[in-house]
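A quick write-up on the structure given underneath.
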Number of protein chains: 2
Amino acid sequence: MTTGTETLRSPVQRAMEVCPVEVSMAVLGGAWKLSAVKYLLERTHRFGELQRRLGTVTPRTLTRVLRDLEADGIVVRTVYAEVPPRVEYSLTDLGRSLDQVVGWLNAWGDAYPRPVD
Amino acid sequence: MTTGTETLRSPVQRAMEVCPVEVSMAVLGGAWKLSAVKYLLERTHRFGELQRRLGTVTPRTLTRVLRDLEADGIVVRTVYAEVPPRVEYSLTDLGRSLDQVVGWLNAWGDAYPRPVD
DNA sequence: CTGAATCCCATAGGATACTG
DNA sequence: CAGTATCCTATGGGATTCAG
């Protein structure tokens, strides 16, 4: 399985020099990224759909997040030549391989202990 | 299970407003963090041991990483009143609960496709 | 040995406004 | 609708030096 890209983003490159877990974090770390993947595991989404489901993300940030995920081979972006424009985001095989991980991270974060008042 | 702390770091607080996976990333995201946890899952480490095993981390950064993990209830720091000083880092129950996740993220990062030359 | 102090820079990510 | 463009700030993280 390949990413479909020839050049890796520099954070991912640097992570590879250190440890496999760092590679995972270089690809998946950062705000909104795993939430977006979580929704895309559910089904294909349009840009506006993702924005609404994420709640408070700005279009600029969401664009960057999706572009990174695309560059890292997680997401595929499909543009339809229509008016008004329609762009759909879905997961690659590599993206779908995150199913288990996302499930566990979601469960772990959900069980994360809230401090007592 | 509680963190032992009363106040959460602000990134974690903000993540809680969004999604459980964001909580996980707020706690585990960032350079060196998961690598440190990975080694601590193996056994207790002294500061210098961790530094050497991580390879190129600076003491300043490693200190911040460990302090964050401590504040988030993942790591416990034990200071021995000796000369020269000895400080040992180990995992809390919450930290050990990351065993599976770290294993999976390590495997996923290891299998992450390198681009063809 | 285990940091703290200081300095520095790049990046992440929000706010706001605009466009094909 | 799906972004760009511009501006801004906070913070993450490295380099280097110093200290108990």
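Numbered from 1 within each chain, the chains take letters A, B, ... in sequence-line order.
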Give [X] one of three labels, base, sugar-phosphate or nothing, depending on what nucleic acid heavy atoms sit under 4.0 Å from its own.
X: B/Arg67; value: sugar-phosphate
X: B/Arg60; value: base
X: A/Tyr89; value: sugar-phosphate
X: B/Arg77; value: sugar-phosphate
X: A/Arg14; value: nothing

Does [N] have its OP1 or OP2 closer than 4.0 Å to a side-chain nitrogen or oxygen of [X]?
X: B/Thr61; N: D/dG14; result: yes
X: A/Arg46; N: D/dC1; result: no
X: B/Arg64; N: D/dG13; result: no

Atom-to-atom span, [atom1] of [X] to [atom2] of [N] - whole angstrom:
X: B/Leu62; N: C/dA4; atom1: CG; atom2: C1'; value: 14 Å
X: A/Glu49; N: D/dG3; atom1: CD; atom2: P; value: 13 Å
X: A/Leu54; N: C/dG14; atom1: CG; atom2: P; value: 11 Å
X: A/Glu88; N: D/dG3; atom1: CD; atom2: C1'; value: 16 Å
X: A/Leu66; N: D/dC1; atom1: CG; atom2: P; value: 17 Å
X: A/Glu82; N: D/dA2; atom1: CD; atom2: P; value: 10 Å
X: B/Arg9; N: D/dT11; atom1: CZ; atom2: C1'; value: 12 Å
X: B/Tyr80; N: C/dG3; atom1: OH; atom2: C1'; value: 18 Å

Of B/Thr63 and A/Gly29, whose closest DNA chain C nucleotide lies nearer the 5' terminus?
B/Thr63
Carboxylate-amine/guanidinium contact A/Asp93 A/Arg96, below 4.0 Å
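Yes, this pair counts.
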Hey, are A/Arg43 and A/Glu88 close enough for a salt bridge, meaning a charged N less than 4.0 Å from a carboxylate O?
no
Nucleotide nearest B/Val87 (side chain, heavy atoms from C-beta), chosen from C/dG3, C/dC1, D/dC1
C/dG3
Proximity to the side chain of A/Pro59 - top-ranked nucleotide from D/dC1, D/dA15, D/dG3:
D/dG3
Can you see which heavy atom on A/Ser90 is nearest to which on A/Thr44, and at what distance?
CB-OG1, 3.4 Å
Would you kindly compare B/Asp68 and B/Pro85 by the position of their nearest DNA chain D nucleotide and give the one closer to the 5′ end?
B/Asp68
Taking atom CZ of B/Arg64 as the centre, report whether more than 12 heavy atoms of other residues, nucleotides or ligands fall under 6.0 Å from it.
no
Just one of A/Thr63, A/Val65, A/Leu69 clears the side chain to side chain contact (heavy atoms under 4.5 Å, CB included) bar with A/Arg67, so which one?
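Among A/Thr63, A/Val65, A/Leu69, the one meeting side chain to side chain contact (heavy atoms under 4.5 Å, CB included) with A/Arg67 is A/Thr63.
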